[in-house]
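Index from 1, following the sequence.
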Amino acid sequence: MTTKEHLSQAYRLDQRIHSKLEQVSTLRSLAQKITVSFGNEGGRGVRNQSPMENTIVKIMDLEEEIDQEIDRLIDLKQEIMGVISSVEDIDCQLLLELRYLTFKTWEQIAEIMNFTLQWVYALHQKALSKIKLKDFSKIDYN
């Protein structure tokens with residue numbers, strides 16, 4: 001895995017979290033539309049889960065996955081911050097933080113740093129060259 005791929009892991013994990021949050025929202029909306037039927041269950045002593053219960057269980061499972069992924073994202077961002085702080089050039093640090101921790105676009109970074117887009121690209125290459133892959137732990141967050 002390249003340095004850029006390592007740094008980009010946080011963005012991908014953040015995207016997965018947002019996707020799961022959207023899934024929870026969809027399930028919650030669906031749960032509000034489910035009607036409960038009250039009927040004789042035949043007295044067999046076997047209770048089947050209702051559609052509402054099934055949906056609630058799915059929501060709870062998905063929320064647990066989201067919590068775990070948020071914990072992983074926090075750990076990953078701390079690791080990335082440690083690697084970025086090892087770069088001595090302050091402009092390189094800022095660029096890397098804006099790109100890989102706050103997920104800014106190249107255009108936004110150029111505006112924030114008051115640089116041309118071409119200079120931001122060149123500075124990015126310089127910043128990446130200052131990071132060694134050994135600076136990353138062996139944890140894969142994908």
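Looking only at side-chain heavy atoms (C-beta outward), Val83 and Leu96 stay at 4.5 Å or farther from each other. Counting heavy atoms from C-beta on, the side chains of Gln108 and Leu98 never come closer than 4.5 Å.
Checked by atom type and distance alone, the side chain of Thr26 pairs as donor or acceptor with a backbone atom of Glu22 at under 3.5 Å. Judged by distance alone, with hydrogens and angles left aside, the side-chain atoms of Gln9 form a donor-acceptor pair with the main-chain N or O of His6 at under 3.5 Å.
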side-chain contact (heavy atoms from CB on, under 4.5 Å) between Glu69 and Leu73, worked out = CA-CA 6 Å; Glu69 295 219 342; Leu73 180 60; over 6 Å; no
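Evaluation of the side-chain hydrogen bond (donor to acceptor under 3.5 Å, both in side chains) rule for Tyr11 yields Gln15 as partners, not counting sequence neighbours. Residues satisfying the salt bridge (Lys or Arg N to Asp or Glu O under 4.0 Å) test with Asp89, not counting sequence neighbours, are Lys126. A search for side-chain contact (heavy atoms from CB on, under 4.5 Å) contacts involving Thr116 returns Gln118, Trp119, not counting sequence neighbours. Listed by chain and residue number, Lys20 satisfy the side-chain hydrogen bond (donor to acceptor under 3.5 Å, both in side chains) test with Glu65 (two or more places apart in sequence, or in another chain). With sequence neighbours left out, the side-chain hydrogen bond (donor to acceptor under 3.5 Å, both in side chains) criterion links Glu64 to Gln68.
In this structure, the separation between CD1 on Ile84 and NZ on Lys77 is 10.5 Å, given to the nearest 0.5 Å. Separation of atoms CG (Asp75) and CD (Glu79) is listed at 9.0 Å; rounding is to 0.5 Å. With values rounded to the nearest 0.5 angstrom, Leu21 atom CG is found 6.5 Å from Ile70 atom CD1. Atom OG of Ser19 and atom CD1 of Ile66 lie 9.0 Å apart (nearest 0.5 Å). The distance from atom CG of Leu27 to atom CG of Asn54, rounded to the nearest 0.5 Å, is 11.0 Å. Distance CG/Leu101 to CG/Leu7: 8.5 Å, rounded to 0.5 Å.
Within 6.0 Å of CG in Asn114 there are 12 or fewer heavy atoms belonging to other residues, nucleotides or ligands.
When the side chains of ILVMFWY residues are joined at heavy-atom separations under 4.5 Å, either directly or via intervening members, Ile74 and Phe103 end up in two distinct hydrophobic clusters. If you chain together hydrophobic residues whose side chains sit under 4.5 Å apart, Tyr121 and Met113 fall into the same group.
Across all their heavy atoms, Val24 and Glu63 have their closest contact at CG1-OE2, 3.9 Å. When all heavy atoms of Leu123 and Cys92 are compared, the closest pair comes out as CD1-SG, 3.6 Å.
A side-chain hydrogen bond (donor to acceptor under 3.5 Å, both in side chains) check over residues 91-100, counting only residues at least two apart or in different chains, returns the pairs Tyr100-His124.
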